[in-house]
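A quick write-up on the structure given underneath.
Both ligands and their constituent atoms are indexed starting at 1 by order of listing. Heavy-atom basis, side chains included; hydrogens, waters and symmetry copies ignored.
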Amino acid sequence: MKTEKQHFTIRASSSRLDKGLLAIPQRFKDWFPEEKGAIQIVFDDEDKPKSLTFHPYDHVVKESRIFGLGHWFSKRDVREGDLISLTLEDPGKRLYRIALDRYLREREEEETRQKFQAAQTDSEADDQLNALSRLTRKPLRNLAQEELLHIAQESAHRPRPRVVPSAAERLEGVPSAIRILLRELHDGRCQLCSFTFEKRNGEPYFEVHHLDPEVGHHPSNLLVVCPNCHAQFEHAAVSDFRWTGGWLVGVTINGKRHSVRQPLAHDSIKRGALGFLIVLAAAQVGRLLVR
Ligand SMILES: [Zn+2]
């Protein structure tokens with residue numbers, strides 16, 4: 001075993017879940033007392049042990065058992081087939097740790113996701129997104145699409161903060177987490193013309209355009225663009241904005257129609273994101289009221 005402390009895993013079965021007990025395979029019987037009695041259990045990432053009852057192997061039920069797990073089963077929503085790991089923490093004190101692998105993994109994922117979203121630099125965001133990709137075993141592109149869609153559905157449109165202090169009032173740049181998600185989703189390619197170029201550090205060059213400069217970093221307000229298309233958005237005659245489910249899918253620049261590659265528009269619709277549309281509508285109404 002790799003870890004210092006001995007541990008084994010058991011797959012939860014519905015009959016044991018119903019009875020609130022854990023059956024211990026016979027090959028680990030030496031880890032447990034020979035007599036019926038109390039053992040100490042710490043759960044998951046907790047510190048304080050609880051006293052539970054242990055019954056050694058008997059010929060009627062043909063297994064040794066730990067009783068009194070019903071509360072933990074329901075608290076963690078343990079289901080048939082879940083992997084439960086049991087660690088021998090301190091044999092002298094009859095102290096064991098029982099942990100739901102799924103819970104620990106989800107918790108680690110959530111911590112990584114929070115670090116990712118709070119990243120202060122692009123390289124920090126990059127590191128955390130890669131860590132999340134390893135934890136979830138999802139390819140970066142798929143993960144970026146999921147995370148961006150999640151951000152789009154969870155966050156309402158917000159005014160874009162101004163950065164102070166500065167001689168000219170400057171608008172806040174796109175947070176690193178969102179920049180990195182956009183880069184992964186689009187490979188750094190312009191959503192209008194697909195152009196990008198490789199920078200000296202090997203990464204694709206791209207800029208992020210805010211469709212409404214006063215509105216914040218909601219993903220539907222952002223476009224990955226090349227410098228050429230970005231300049232056209234800023235300076236040319238831009239009209240005929242075409243939207244699907246709140247996402248820009250087409251625009252006319254100086255009389256020429258362009259379609260906008262928008263993978264999230266299809267996801268939003270596919271997932272029947274009525275709630276998302278309501279959020280968008282509410283945000284639009286909110287903005288009108290503010291004006
Ligand atoms: Zn372009």
Side-chain angles (χ1 to χ4, degrees), residues 116 119 121-123 125-126 129-130 133 139-153 155 157-161 163 168 170-270 273 276 280 283-284 287:
F116 167 65
T121 64
D122 285 10
S123 75
D126 221 354
L129 187 66
N130 276 283
S133 166
L140 278 174
R141 173 80 55 90
N142 302 13
L143 184 62
Q145 182 147 349
E146 273 182 34
E147 294 296 319
L148 260 181
L149 189 65
H150 182 71
I151 291 171
Q153 287 172 336
S155 62
H157 286 266
R158 244 180 260 138
R160 192 170 165 198
V163 178
R170 292 199 52 195
L171 290 161
E172 182 191 76
V174 181
S176 288
I178 295 185
R179 268 182 63 80
I180 295 302
L181 290 177
L182 289 170
R183 185 197 69 195
E184 284 305 320
L185 181 58
H186 298 289
D187 248 343
R189 295 191 171 278
C190 177
Q191 284 179 255
L192 272 77
C193 73
S194 292
F195 178 80
T196 183
F197 64 87
E198 196 180 288
K199 295 193 286 181
R200 281 189 290 273
N201 67 6
E203 290 174 7
Y205 183 89
F206 65 97
E207 298 179 2
V208 178
H209 176 61
H210 287 77
L211 287 165
D212 182 339
E214 296 298 325
V215 169
H217 314 299
H218 190 281
S220 64
N221 190 42
L222 305 176
L223 286 185
V224 168
V225 282
C226 70
N228 193 18
C229 290
H230 202 179
Q232 291 179 66
F233 265 108
E234 301 292 346
H235 304 290
V238 187
S239 61
D240 188 22
F241 289 80
R242 297 182 293 283
W243 306 87
T244 296
W247 301 86
L248 186 73
V249 293
V251 75
T252 299
I253 299 177
N254 285 350
K256 191 180 168 199
R257 282 171 72 96
H258 297 267
S259 59
V260 176
R261 212 178 55 249
Q262 197 65 272
L264 289 179
H266 307 292
D267 280 9
S268 299
I269 292 162
K270 225 168 38 192
F276 170 59
L280 274 181
Q284 297 292 345
R287 281 173 52 210

Does S133 have any side chain to side chain donor-acceptor pair (under 3.5 Å) partners at least two apart in sequence or in another chain, and if so, which? none
At less than 2.8 Å, how many protein N/O/S atoms surround the Zn ion (ligand 1)? Leave waters out. 4
In terms of ring plane angle, is the pair F197 and F195 parallel, tilted or perpendicular, where the classes change at 30° and 60°? tilted
Mind jotting down which residue pairs meet the side-chain hydrogen bond (donor to acceptor under 3.5 Å, both in side chains) criterion with at least one end in residues 198-207? Sequence neighbours excluded, please. Y205-E207, E207-H230
Does a salt bridge link D122 with R183, judged by any charged N lying under 4.0 Å from a carboxylate O? no
So does I178 get a backbone contact from the side chain of H217, meaning a donor-acceptor N/O pair under 3.5 Å? no
The side chain to side chain donor-acceptor pair (under 3.5 Å) partners of R189 (sequence neighbours excluded) come to none
